[in-house]
Each structure stands twice: as structure tokens, then as C-alpha cells.
Amino acid sequence: MPVTARCLALLLLLPCAFAAHAGAPLPVEYFSRTPYAMSLQLSPAGEAVAWLRNDGDRTELVVSPAAGGSGRTVRVTDNQGRYFNWVRWASEERLLLSVTEMRRSFGHIVHSTRLLAMDRDGRNETWLTPRIARNTQVEWAPTVGDQILHLLPDDPAHILIAADIARPREPGVYRVDVHSGRRELVQRSRARVRGWLADARGVVRIGMGVDGPRSFVIARRGTDDDWRTLWSTDLRSAGEIYPLGFGASPDTLYVSAPHAGRRALFRVDPGVADPPLQLVSASDRYDVGGTLIFASGSSLPLGLYLDGGPERLLAIDPGFATLQQHVDAALPDRVNYIVSRDRDGRRAVVYSATPGTPGRYLLGTAGGAFADFAESFPELAAAALGERALVRYRARDGLSIEAVLTRPVDPGPAPAPAVILPHGGPEHRDGGGFDPWAAFLADRGYVVLQPNFRGSSGYGEAFRAAGYRRWGTAIQDDIADGTRWLIDQGIADPHRICIAGASFGGYSALLGAARAPGLYRCAASIAGIADLAGYLRDTEGMFDRELTAVRIGSPRGDRALLRDASPRYRAAGIGVPVLLAHGDLDTIVPIAQTAAMARALEAAGREVTFLRLDGGDHTLRRPQHRRQVMDSLAGFLAGNLGAPRP
């Protein structure tokens, strides 16, 4: 996921203010709530804002007048098996809502995405994708059912969507009536093609997929042309080229491709054979990616917000660049993103934040003022949160590792108790933006280090590939080396350090405690993997077998490698207290992984606490589950590291 989208997904927006605290920790609910506002979208004419509002465990689809006034709730979910992801406008009167449902498919519980259309007042609902798909041999729950390829503004009754309703996990493209739900096949599914792109005219031009250890991109000039392979790349190499989206011209495709050891942004003409790559933006420090921004109700791109590059915006539409300049002048000394703009460029919704703090949404006009629409929980915005900074340290083999260091506002005497918080993935990266988990821990008085170990994304293909098949060795060494750096700098008390994390971070917490005895005082794993071979066998139908063999290992050919890298089989070497937490509806890492880890620790006579989250998923989407885990983690840390706050 791009950095901008990831930061927005992590925001926790609340409706009231709270003064900066001195000493007393803030209530856990301030950090564990679901974002108060998400997916704010102006209507094409700019008259209304459709958005998702979270209230406790409920999520509401709300339509508010852009001129001000109370909004109208048009759809509600209790988030028990059904979630709202985002909303878009098909026209001034018709909404499109992405919905995820938990369903069983091919023996696994999966997140099945669907698209629901309705009038702006909530009436005349129509599902545009089915709950169950069937062909002559099998039936399944579609996992791709909400991908909008084009809004077809010249045909407001129809949109183009990609959905796997003819072949599992291999979507076709359909022209769908947003009122009746009737579908017309535009592009049949093709073997191993996982995604499609349409150009600004609405012509399906690009297909992307994986075939064994190779990724590929196919292209065509128009609907009457044959598909041809544009690029095919061995995933074990650093040469993968993947499309980001079309520009305003059908002859302009933006792609991410290798450049001088990093990924850079290029433009190409996909209509020619072996198209030359024209460099748009590059960095010698980070990979450069981009997220296309579109006007409401339109599929003409306005620009790209760039991640990692020296420029923050590549403007495709000149008016969008002017609007961004006005926003930055109106909201100085902040990072500002235009998240939605009406069709004519008169109104815009802006997300604005300062580094490391929660942001807020504002609504304004081109050339005019911007007013708050949804504040990013003012009690945290007004409170003194921990200071976040990017730091670097050397791993034992000399590799430079970037990390995020969060210090408490009132740290007390140095060195301080610390929490090492490795991220999930492992192909992910922690940045300097607001992180509710790091903020929560720093508010409790702990120094927090989030290392971007080898295998993390954003630092070039070689850095990412350096983590392949080294989950249990070099990656864990990088994390341990970051811990020792924190000690050597006099920041962390060597006798009061805990390692904690979720998903791959939880796996790393368990393995770190086993591989580095004496370094950590405790370990906490949330939805972590315990047995790599067992995990790969249990999820074999969900992931490409050859790709996982390249990146992790094969459960058939690499048994010794995977066993040595599995915390379950090293439980006897974990000599510190362990906290385990896992949701029983986790579709990414089965809860059986944590249950097996708990049994192994108990059999070894180790101290373990297992928190089972009934109805919990992999990301703890429900705030009650995040609150349970945060509460338990705070008590666990205080019991083992000592409470740094009164």
C-alpha cells in the first residue's frame, strides 16, 4: 500500500478536545478507536461529501452537504463479518460502496469484496457483484469484486469493474449497470492474470499477473488488437516493472521500474513493442512510487502523489498543481494531500497533518479558505505526543538500517525502558507519520524503536531481496542489532527492553526472544506465525507456491531451514514471559499458529499468556479487539519492565 493511503488508514479521528497531559497516560480508547472519518469523497458537482464515519463498533455511510450542516446516515454495519472499505460517486445521485464479507471459500475463510450501488439517500440498493460465483465445476466466494477500472462519465448508468466471477482469483472485466446490476463481459479472464488497467477512454489495455517465479504484463492498443507480452520478469531478480496507471493520454502509462539501485517512476507508451522508459522521478535514497488522483465522477487523472521521491506531487492536470499550491499556502508548515476534488475544480477535501501527529480533513474552495470537516481526534492533536525521528544504525555485516525512534514526552531519567516494535510484512516500511501503536507506547513512557530491517520495502530491490529466505537469520540479526544500538546510545535500559509486534512483527518477537537470550525481558506476539512449514502448507491455496519458495522457502524442500526459523520449535530457548494474542477469524495467519506456540511454551515450562479474540481478524479491525490487546500489552509491559509512568 502507498504511504499516503497507509497513513490515512491509521488515523484515529475523535469528536472532542483534550488538553496536553503532564504525567498521566491518556485513555487507551484514544489510541484503539477506528478512524472517525474515512474515504471522504466530494460529489461530481461538489454539492455533497460522502464519507465513512466510525462510532464505536459501528461504521456509517454518511452523505453531508458540502455547504455545511448535518449529514444523513444512509447505511450502517456493525463490523461483525461485514466491513465498509470506501465509497465513491458513480454520478451526482448514485453511490458505490466497497464491502468486505467474511466467507468460506475452498476450505479457507476469506475476505470477499463486493460492490454495492445505491442512491445518495440510501434507496434502490443493488449489488453489482455476487456473493457466490459459480461455473460448471466449482463455486467460490469472489475475492476480487470491488475493483473499479473506469467510471464511464459519458455513460453515467454504467461503470467498468474487474471481478473474479468466472474463474477464481482470475478476474474478468465487466460493464455493469449501476441501477439494475446487469453485467456485460468486456474482457474475459485470462490464466494467471490478477489485475487489469483501463486507459482514460475506458479501454482495457493492460493485464498484470504472476506465472510461477515470473511476473508479467500484457498489453494491447485497442479492443480489436491481440494481447502481447510487454514485460516478463523473474521475481528473483531486481528487474520487475509494474504499471501504476494511465495518464490523460492513452499513449502514456506510468510504471515503477528499477533505476540506479532503487525503484523510480517512468512513463512509457504501451502501444509500441519494447517501449523505452522515460524517467519522471527518482531518488538515491528511497524507492519512488505513486498514487493517482482522479476528479470525482471521472477517470481522467489529475496527478500522482509520490512516495519517496524528491517531489511530492506530479501534476498531470495544470489546474491540480495550482490547487495544490493554494492549499499549501492556506495551510503552511503542514503536509497537505488533496484526497478529493469535484469535477470542475471548485471544491476540494484536504487531509492535512504535521509530521508524527494525527491530521485532520478540511473542506474548501479553489482560491478560498479551508474549514475543518473532521478533526483528527483533537484530544491527541492537543496532547503532547512522543517525538518521532528517523535514525540509522549499522547491522553486524555493515548494512545501513533505517529505523523510526519515538521518545516519550516525559521520558524520565535515561536510559529508559524500551519496546522494539518490528513491522509486519516483511515487505513493508515504517515511516515518520502518525502510528497509534508507537504513540500509545510512548504515552505510557516507553522508548519505541521500529527497525526497517532488510527485506523491508522502499529501499530498493536489492535491500528487499536481501531478506528472501532469511526470515529467521539476517532479518532477526538486524532487529537485534538495532536493539543493541539503542543500548549503546544510552537511550534504552539494557535490563528493561521488550520486543513486540503483529503478524511478521509478532513472529520476529518470538524468534528474537529465542535467538538473543538475555537481550529482551519479555516478548509479545499479535497474530504471529509460529511454524513456517505448517503455515505454508495451511495457506498453500492462497499464495503462489513458487513465489513463496523464492521468498520464504518450500515446505517440501527446505524443511531444515523452515524448522530452524520457526519459533514453535525453539520454545525451550525462550526464557522470558510471553504474551500471545490472536483473532479466531484471522484469514491471513490462522489462529492455530498461535495456539501451537502456546502449547509449545507450556510444554517447555515457560510463562505464557494467550489472549484469544473472539471474532477478531488479522488487523484487529474492531476497536474492542485493539483495546483488549493494548490494555493487555500495557499491563504486560508494566509487569515486566516496571511502569515508567505513575
Side-chain angles (χ1 to χ4, degrees), residues 285-286 355-356 386-409 411-426 428-433 435 437-439 441-442 444-460 462-464 466-467 470-502 504-525 574 576 637 640-642 644:
R285 187 170 182 180
Y286 300 111
E387 178 185 351
R388 288 171 67 77
L390 295 178
V391 298
R392 281 193 172 268
Y393 63 87
R394 290 283 177 183
R396 63 192 65 184
D397 62 357
L399 185 65
S400 178
I401 305 293
E402 186 176 72
V404 185
L405 178 64
T406 306
R407 296 174 184 260
V409 175
V419 177
I420 310 302
L421 195 65
H423 60 66
H428 178 65
R429 181 176 94 228
D430 282 319
D435 183 322
W437 288 88
L441 293 170
R444 265 58 189 166
Y446 302 104
V447 168
V448 181
L449 185 72
Q450 297 171 276
N452 289 316
F453 41 79
R454 72 190 71 201
S456 300
S457 59
Y459 302 98
F463 190 89
R464 185 177 71 164
R470 297 186 176 99
W471 280 28
T473 53
I475 288 179
Q476 306 309 320
D477 290 341
D478 291 347
I479 298 170
D481 291 343
T483 307
R484 294 187 177 96
W485 174 85
L486 205 62
I487 295 170
D488 293 341
Q489 296 297 309
I491 299 171
D493 182 340
H495 305 294
R496 294 197 294 166
I497 302 176
C498 184
I499 182 169
F504 182 86
Y507 159 83
S508 295
L510 295 171
L511 199 56
R515 295 183 80 249
L519 187 60
Y520 303 109
R521 181 65 187 82
C522 55
S525 170
I574 299 177
V576 297
L637 293 174
N640 288 284
L641 304 184

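Quantities reported herein were computed from a predicted structural model and do not represent experimental measurements. Positions are given from 1 along the sequence.
With values rounded to the nearest 0.5 angstrom, Ile401 atom CD1 is found 10.5 Å from Asp477 atom CG. In this structure, CG on Leu441 lies 9.0 Å from OG1 on Thr406, to the nearest 0.5 angstrom.
Shortest non-hydrogen contact noted between Arg484 and Arg396 is NH1-NH2, 3.3 Å. Asp481 approaches Tyr393 most closely through the heavy-atom pair C-CE1, 3.9 Å. Of all the heavy atoms in Ala395 and Arg454, the pair that sits closest is CB-NH2, 3.8 Å. Closest approach of Leu486 and Ala418 over heavy atoms only: CD2-CB, 4.0 Å. Between Phe463 and Phe453, the shortest heavy-atom distance links the atoms CE2-O, 3.2 Å. Taking each heavy atom of Cys522 and Cys498 in turn, the nearest pair found is SG-SG, 2.6 Å.
Between the side chain of Glu387 and the backbone N or O of Pro408, no donor-acceptor pair lies under 3.5 Å. Under the 3.5 Å distance criterion, the side-chain polar atoms of Arg496 are matched with a main-chain donor or acceptor of Leu641. With hydrogens and angles ignored, the 3.5 Å screen pairs a side-chain donor or acceptor of Arg388 with a backbone N or O of Gly431. Although no hydrogens or angles enter the test, the distance criterion places no donor-acceptor pair under 3.5 Å between the side chain of Arg470 and the main chain of Gly455.
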What do the steps show when you test Val404 against Leu390 for side-chain contact (heavy atoms from CB on, under 4.5 Å), and what is the final call?
-> CA-CA 5 Å; Val404 185; Leu390 295 178; 3.7 Å; yes

Go through the steps to decide whether Ile497 and Ile487 satisfy the test side-chain contact (heavy atoms from CB on, under 4.5 Å), and finish with yes or no.
-> CA-CA 9 Å; Ile497 302 176; Ile487 295 170; 3.7 Å; yes

Arg392 vs Trp485, side-chain contact (heavy atoms from CB on, under 4.5 Å): CA-CA, chis, key distance, verdict | CA-CA 9 Å; Arg392 281 193 172 268; Trp485 174 85; over 6 Å; no

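Just one of Leu449, Val419, Leu421, Ile479 meets the side chain to side chain contact (heavy atoms under 4.5 Å, CB included) condition when paired with Ile499; it is Ile479. The side-chain hydrogen bond (donor to acceptor under 3.5 Å, both in side chains) with Glu402 is formed by just one residue from the set Arg285, Gln450, Arg429; it is Arg285.
Take Tyr520 and apply the side chain to side chain donor-acceptor pair (under 3.5 Å) test, not counting sequence neighbours, and it matches Thr483.
Residues Ser400 and Arg394 are in side-chain contact: their nearest non-hydrogen atoms beyond the backbone lie under 4.5 Å apart. Side-chain contact between Leu405 and Ile491 is present, with at least one heavy-atom pair separated by less than 4.5 Å.
Taking the six-membered ring where the residue is Trp, Tyr459 and Tyr286 present tilted rings, their angle falling between 30° and 60°.
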